[in-house]
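Have a look at the structure below before the remarks.
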Amino acid sequence: MLSDVMEDYLKAIYTLQEESDGPVATSDIADYLDVTPPTVTSMVEKLTDRGLLEREKYKGVELTDEGETVALEVVRHHRLLEAYLTEHLDYSWSEVHEEADRLEHHISEEFERRVAKVLGEPEVDPHGDPIPGADLAPIEADDTTPLSDHETDDRVVVARVSDRDEEELRYLDRAGISPGTELEVVDVAPFGMVTVRVASDEADAGDEQSLPESVARSIRVRAVTEEVA
C-alpha cells in the first residue's frame, strides 16, 4: 500500500517526464513539490526499492512500467475530479486543482467509474490535459509546443494550460485564453514578454494580451490548420 505522499511523488515525476521527455532531476522534483532536495533523495530511494523508479547517477530518475501505471491511475483520478467539479459543482477551472489533489487518493474505483460515466467518458480535463483511459495505457506524446517557442505572426490554437497556478488561471480566464482559443503572436520581446492577439468568443476579436514568458511557457498550443481556421 502506497502512501498519499508516495503517489504525489509518482504523479509529479510523471508530469515532469511529460515536459522533459527524459530522466527527471531530483532538484526539479524538489522545486515542483516545494520540498528540500534531501527529502526528495530519501523518497526516491524508497520508491526505487519498491521497483517504481529507476535511478541513473548524475542524470535523474524515471518511472518504471509499474510506477507509470500507479502515476496514471492518480492522474486519471485527478483529471476526472477536475472535470466533475467544473461541470457539476460550479467550480471555476482555477479552483479545482487543489480540491482534486485532496480527493484523488481517496476515491474508489467504483466512484471513478461512475464519475467517468456521468461525464461521458471525457478525453481531456478543463485545462485540456488528456485523461488516461480506464485501462491506464500510457498516453502518447502529443504534437503541442509551448507558446513561448513561437515567433511573431505565428497563428496557434491553445490545446492545454497548466493547472498548477490558481492566480495564473484566473488571469488567463479574464484574458479569454483557454483550450480552443485561437491566438496570433504579435510580438516577442527580448526580455521575455509575449504579446498575443486573441480571437475567440471569450474576448473581443483583436484584443491583445501581453504574457510573461513563464506564463507563455505553461500554455501548450498547436499551429492553426485550415480545418481549425
Side-chain angles (χ1 to χ4, degrees), residues 15-16 18-21 32 75-76 78-101 116 119-133 139-229:
T15 302
L16 291 168
E18 275 192 310
E19 296 173 357
S20 65
D21 195 27
Y32 188 93
V75 169
R76 176 171 168 80
H78 183 94
R79 293 177 181 174
L80 281 173
L81 285 164
E82 288 192 331
Y84 186 80
L85 290 167
T86 53
E87 291 188 28
H88 292 276
L89 296 182
D90 295 327
Y91 279 76
S92 72
W93 74 335
S94 63
E95 299 174 312
V96 293
H97 180 70
E98 289 190 6
E99 290 284 7
D101 268 348
L119 293 171
E121 305 294 340
E123 295 184 357
V124 296
D125 72 9
H127 311 98
D129 289 320
I131 299 174
I139 297 174
E140 295 183 5
D142 62 29
D143 59 351
T144 64
T145 54
L147 176 60
S148 55
D149 287 358
H150 286 264
E151 300 177 349
T152 301
D153 296 330
D154 282 358
R155 292 173 61 230
V156 298
V157 171
V158 177
R160 304 169 61 177
V161 176
S162 172
D163 66 354
R164 293 184 59 209
D165 190 317
E166 184 176 340
E167 187 59 39
E168 185 178 296
L169 285 169
R170 284 199 293 266
Y171 171 79
L172 293 176
D173 195 39
R174 291 193 298 269
I177 298 175
S178 62
T181 301
E182 184 177 323
L183 304 172
E184 179 184 353
V185 180
V186 176
D187 183 58
V188 180
F191 49 83
M193 198 69 91
V194 179
T195 300
V196 296
R197 181 175 295 114
V198 180
S200 75
D201 293 337
E202 289 79 14
D204 294 333
D207 190 20
E208 292 187 4
Q209 301 289 336
S210 292
L211 308 173
E213 194 273 340
S214 60
V215 175
R217 189 170 57 248
S218 73
I219 301 171
R220 307 284 300 189
V221 299
R222 291 186 176 91
V224 168
T225 63
E226 291 183 5
E227 289 76 15
V228 174

query: Quick one: do Glu167 and Arg170 make a salt bridge, cutoff under 4.0 Å?
result: yes
More than 12 heavy atoms from other groups under 6.0 Å of CD on Glu87: yes
- prompt: Just how far is it from atom CG of Asp163 to atom CH2 of Trp93, taken to the nearest 0.5 Å?
  reply: 10.0 Å
- line: Rounding to 0.5 Å, atoms CG (Asp101) and CZ (Arg164) come to a distance of 9.5 Å
task: State, with a plain yes or no, whether a side-chain heavy atom of His127 is found less than 4.5 Å away from one of Leu169.
output: yes
- prompt: Is the shortest heavy-atom distance from the side chain of Val196 to the side chain of Val186 under 4.5 Å?
  reply: no
- prompt: Hey, mind stepping through Ser218 and Glu168 against side chain to side chain donor-acceptor pair (under 3.5 Å) and telling me if it holds?
  reply: CA-CA 10 Å; Ser218 73; Glu168 185 178 296; 2.7 Å; yes
Beyond-backbone contact of Glu151 with Val188, side-chain heavy atoms, under 4.5 angstrom: no
message: To check you understand the geometry: which heavy-atom pair defines the closest contact between Ala159 and Pro179, and what is its length?
response: O-CB, 3.8 Å
query: Hey, what do you get for CD (Glu82) to CD (Glu95), rounding to the nearest 0.5 Å?
result: 12.0 Å
- prompt: Okay, side chain of Arg160, backbone of Val124: is any donor-acceptor separation there less than 3.5 Å?
  reply: no
task: Quick one: do Asp142 and Arg222 satisfy side-chain contact (heavy atoms from CB on, under 4.5 Å)? Show the steps, please.
output: CA-CA 10 Å; Asp142 62 29; Arg222 291 186 176 91; 4.1 Å; yes
field: Any Val185 side-chain heavy atom under 4.5 Å of Leu147 side chain
entry: yes
message: If I take atom CD1 from residue Ile219 and atom OG1 from residue Thr145, how far apart are they, to the nearest 0.5 angstrom?
response: 11.5 Å
field: From Arg220 atom CZ to Glu18 atom CD, the distance as rounded to the nearest 0.5 Å
entry: 9.0 Å
message: Quick check against the 3.5 Å criterion: does Arg79 have a side-chain atom that pairs as donor or acceptor with the backbone of Pro132?
response: no
- prompt: Are the side chains of Leu81 and Glu99 in touch, meaning some heavy atoms are under 4.5 Å apart?
  reply: no
Check: Gly176 main-chain N/O paired with Thr181 side-chain donor or acceptor under 3.5 Å: yes
- request: Determine, step by step, whether Arg155 and Leu183 satisfy the side-chain contact (heavy atoms from CB on, under 4.5 Å) criterion, reporting the C-alpha distance in whole Å, the side-chain angles of both residues, the deciding distance to 0.1 Å, and the verdict.
  value: CA-CA 6 Å; Arg155 292 173 61 230; Leu183 304 172; over 6 Å; no
task: With rounding to the nearest 0.5 Å, note down the distance linking CD1 in Ile131 to CD1 in Ile139.
output: 9.0 Å
- prompt: Tyr171 and side-chain contact (heavy atoms from CB on, under 4.5 Å): which partner among Leu211, Ile177, Asp165?
  reply: Leu211
query: Is any side-chain heavy atom of Val96 closer than 4.5 Å to a side-chain heavy atom of Leu89?
result: no
- line: Smallest heavy-atom separation, Leu119 atom then Ala83 atom, equals CD1-CB, 3.8 Å
Asp90, CG atom: more than 12 neighbouring heavy atoms under 6.0 Å: no
query: For Ala100 and Leu85, which heavy atoms make the closest approach, and how far apart are they?
result: N-CD1, 4.3 Å
query: Closest heavy-atom contact between Ala116 and Pro122?
result: O-CD, 3.9 Å
